Amino acid sequence: MAARNTIPMLVDLYKNNNTASKSYGQWFGRVFPRDGLNLKGFAKHLAAHGKLASYEMIVLVLQNVVDCMRHLVLEGVPVKLDGLGTFTAGIHGSGASTPQAYNPQQHIKGIRLNFRPEGAGDFEDKLTQKALLEQATFLMNDVVRIEKSDEVDKNGKPKTYQVRTKISAQGLISGSGSSTPDPDPDEIPEP
């Protein structure tokens, strides 16, 4: 089994306020949105792992990967990166009443970049939901409530904002392979 990740994934709790949902009123975890790495930041991360390529070489390779992947995906060619997964294009749009009525300029609203994680090889090398869960460590972060403002947006609807409350009994919670207990429910603030 692969080693458990030592840097935890921060998890915020959100209440489902959609009255049409079967899970209305329940709380769900979401990954805390950290600042992402751009291509050069990712290249620095790769170079810091002591591989044989320099930072400059990694930047050039990654820039070429991005450019070539864009071209191939726009041509409808799936791109498989062994050990990572496969990137494919998908169409987002609306339907037409008949095949003759379908017009790409009218009915295609966007192109999605789909990703299917690698599923072959040793379990710990897979990027599947279950394999990643086995390697993850979680840290409960905030309870997030969505509040309505007195202000309205351009459509006349009330603006919303987030109210974040720290979970005082923060504890590390590992993936499904761990026996680390969840934080005390009494320590999770109510909305």
Side-chain angles (χ1 to χ4, degrees), residues 5-42 44-45 66 69-70 73-74 84-98 101-117 127-176 178 180-191:
N5 197 25
T6 58
I7 300 174
M9 180 183 295
L10 294 178
V11 177
D12 288 336
L13 294 176
Y14 284 80
K15 187 175 185 180
N16 179 349
N17 292 320
N18 181 355
T19 55
S21 173
K22 291 179 182 179
S23 56
Y24 171 72
Q26 294 181 7
W27 290 84
F28 292 89
R30 289 188 195 163
V31 176
F32 174 76
R34 294 185 181 197
D35 291 337
L37 289 178
N38 62 14
L39 186 138
K40 290 182 179 179
F42 187 53
K44 285 180 185 175
H45 179 83
V66 170
M69 186 176 294
R70 180 183 303 113
V73 167
L74 285 172
L84 182 63
T86 303
F87 295 86
T88 59
I91 292 176
H92 168 73
S94 58
S97 57
T98 66
Y102 190 87
N103 178 337
Q105 285 74 30
Q106 178 185 353
H107 292 94
I108 296 177
K109 307 297 182 198
I111 298 175
R112 290 186 306 265
L113 181 61
N114 300 318
F115 174 71
R116 186 175 60 250
L127 293 174
T128 61
Q129 291 179 3
K130 187 174 180 181
L132 290 172
L133 180 63
E134 289 288 330
Q135 297 171 30
T137 302
F138 304 99
L139 180 63
M140 300 307 295
N141 190 45
D142 294 340
V143 171
V144 182
R145 294 188 334 262
I146 307 298
E147 300 284 338
K148 291 183 180 176
S149 170
D150 293 334
E151 299 178 41
V152 293
D153 64 16
K154 62 183 178 183
N155 297 322
K157 294 183 178 181
K159 290 184 176 181
T160 60
Y161 59 96
Q162 293 183 352
V163 176
R164 292 180 162 272
T165 306
K166 284 285 180 205
I167 297 173
S168 59
Q170 292 195 9
L172 288 176
I173 303 170
S174 297
S176 63
S178 171
T180 307
D182 290 349
D184 183 349
D186 295 333
E187 297 290 331
I188 299 176
E190 285 295 318

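This structure is a prediction, so every number in the text was calculated from the model and none was measured.
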Kindly indicate whether the side chain of K166, heavy atoms from C-beta on, has any atom under 4.5 Å from the side chain of N141. yes
List the steps and the verdict of side-chain contact (heavy atoms from CB on, under 4.5 Å) for Y14 and I146. CA-CA 8 Å; Y14 284 80; I146 307 298; 4.2 Å; yes
Test item: V31 and M9 side chains (from C-beta on) under 4.5 Å apart, heavy atoms: yes
Would you say CZ of R112 has more than 12 non-hydrogen atoms from neighbouring residues, nucleotides or ligands within 6.0 angstrom? yes
Rounded distance (nearest 0.5 Å) linking atom CG of N17 with atom CZ of R145: 11.0 Å
In short, N16 meets S21 closest at the heavy-atom pair ND2-OG, 3.0 Å
Heavy-atom closest pair (H107 atom, G95 atom, distance to 0.1 Å) is CD2-O, 3.3 Å
Would you please test L139 and V11 for side-chain contact (heavy atoms from CB on, under 4.5 Å) and show each step? CA-CA 6 Å; L139 180 63; V11 177; over 6 Å; no
Where do K159 and D150 land on the salt bridge (Lys or Arg N to Asp or Glu O under 4.0 Å) test, with the steps shown first? CA-CA 7 Å; K159 290 184 176 181; D150 293 334; over 6 Å; no
Atom CZ of residue position F28 - does it have more than 12 heavy atoms of other residues, nucleotides or ligands inside 6.0 Å? yes
Under 3.5 Å donor-acceptor, K109 side chain and Q106 backbone: yes
Classify the ring geometry between F87 and F115 as parallel (under 30°), tilted (30 to 60°) or perpendicular (over 60°). tilted
Taking T98 for its side chain and A101 for its backbone only, find out whether a donor-acceptor pair lies under 3.5 Å. yes
Taking side chain as C-beta onward, heavy atoms only, is S97 less than 4.5 Å from Y102? no
From the options Q162, R30, R164, select the one residue that forms a side chain to side chain donor-acceptor pair (under 3.5 Å) with D12. R164
So among T165, V144, V143, D142, which one has a side-chain contact (heavy atoms from CB on, under 4.5 Å) with L13? V143
Please check if the side chain of N103 supplies one atom and the backbone of Q105 the other of a donor-acceptor pair under 3.5 Å. yes
Between E147 and V163, which heavy-atom pair has the shortest distance, and what is it? CG-CG2, 3.4 Å
Decide side-chain contact (heavy atoms from CB on, under 4.5 Å) for L113 and T88; before the verdict, give the C-alpha distance in whole Å, the side-chain angles of both, and the deciding distance to 0.1 Å. CA-CA 6 Å; L113 181 61; T88 59; over 6 Å; no
Got P8 and F138 here, is their nearest side-chain heavy-atom distance under 4.5 Å? no
